[in-house]
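See below for the structure under consideration.
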Amino acid sequence: MLANYLRSETKNLDLLIDYADRLGNGAVFKRLGFLLERNAPDQRATIEKCAQRLTQGNARLDPKLAAERLVSRWRLWVPENWLKEAA
């Protein structure tokens, strides 16, 4: 879904950050920053906005998946195969 949004002519990453701010959930920025860094590394400004909003503690990329590896930059537990795919 994020990949399609990033290719969309109507994408508005500032609005996406605004919506994430409204949710008041720090895990949103951990997940979004990680996914942007992985799938859209050219979106440096938005990635930095996510990094500036990191909260304490660690979250899971997907709470329903086993997550063996901690990506400390994002304070995010991710499944091992996600890291292998990114390499």
Side-chain angles (χ1 to χ4, degrees):
M1 185 172 77
L2 180 62
N4 287 337
Y5 181 71
L6 292 171
R7 287 190 297 269
S8 169
E9 292 179 15
T10 60
K11 81 175 178 188
N12 183 337
L13 295 177
D14 288 331
L15 184 59
L16 185 62
I17 292 291
D18 183 50
Y19 286 151
D21 277 331
R22 292 180 197 188
L23 287 174
N25 183 335
V28 170
F29 292 105
K30 295 170 186 182
R31 294 173 180 133
L32 181 59
F34 172 78
L35 292 171
L36 285 173
E37 201 168 64
R38 187 169 189 256
N39 296 301
D42 58 315
Q43 298 298 326
R44 289 187 278 290
T46 305
I47 293 168
E48 182 57 32
K49 288 177 184 178
C50 290
Q52 291 170 354
R53 289 165 170 81
L54 287 182
T55 56
Q56 295 296 315
N58 301 321
R60 288 179 177 234
L61 180 62
D62 182 336
K64 294 182 180 184
L65 296 178
E68 304 87 10
R69 298 283 304 270
L70 177 65
V71 177
S72 58
R73 169 172 164 64
W74 292 108
R75 300 179 188 147
L76 192 66
W77 288 99
V78 298
E80 183 76 31
N81 64 330
W82 274 69
L83 296 176
K84 290 178 183 171
E85 292 174 10

In short, Leu16 meets Tyr5 closest at the heavy-atom pair CD2-CE2, 4.2 Å
Decide whether Leu2 and Leu61 are clustered together by the hydrophobic rule: side chain heavy atoms of Ile, Leu, Val, Met, Phe, Trp, Tyr closer than 4.5 Å, transitively. yes
Give the table of side-chain donor-acceptor pairs shorter than 3.5 Å for residues 63-73, with sequence neighbours excluded, one pair per line with atom names and distance.
{"residue": "Glu68", "atom": "OE1", "partner": "Glu80", "partner atom": "N", "Å": "2.8"}
{"residue": "Arg69", "atom": "NH1", "partner": "Glu80", "partner atom": "OE2", "Å": "3.1"}
{"residue": "Arg73", "atom": "NE", "partner": "Glu37", "partner atom": "OE1", "Å": "3.4"}
{"residue": "Arg73", "atom": "NE", "partner": "Glu37", "partner atom": "OE2", "Å": "2.7"}
{"residue": "Arg73", "atom": "NH2", "partner": "Glu37", "partner atom": "OE2", "Å": "2.9"}

Hey, could you give me the CG/NZ distance between Leu13 and Lys49, rounded to the nearest 0.5 Å? 8.5 Å
Using every non-hydrogen atom in the two residues, find where Ile47 and Ala40 come nearest and quote the distance to one decimal. CD1-O, 3.8 Å
Please enumerate all residues that pass side chain to side chain contact (heavy atoms under 4.5 Å, CB included) together with Asp21, with sequence neighbours excluded. Ile17, Phe29, Arg53
Give a yes or no on whether Trp77 and Leu54 share a hydrophobic cluster (residues Ile, Leu, Val, Met, Phe, Trp, Tyr; joining criterion: side-chain heavy atoms under 4.5 Å apart). no
Other than Val28, what residues sit in its cluster of Ile, Leu, Val, Met, Phe, Trp and Tyr side chains whose heavy atoms are under 4.5 Å apart, directly or through others? Leu23
Nearest heavy-atom approach of Leu76 to Arg60 is CD1-C, 3.7 Å
Sequence neighbours excluded, which residues qualify as side chain to side chain donor-acceptor pair (under 3.5 Å) partners of Asn12? none
Suppose we screen for side chain to side chain donor-acceptor pair (under 3.5 Å). Which residues come up paired with Asp42, at least two apart in sequence or across chains? none
Enumerate the salt bridge (Lys or Arg N to Asp or Glu O under 4.0 Å) contacts for residues 22-36, please, sequence neighbours excluded, ordered by first and then second residue. Asp18-Arg22
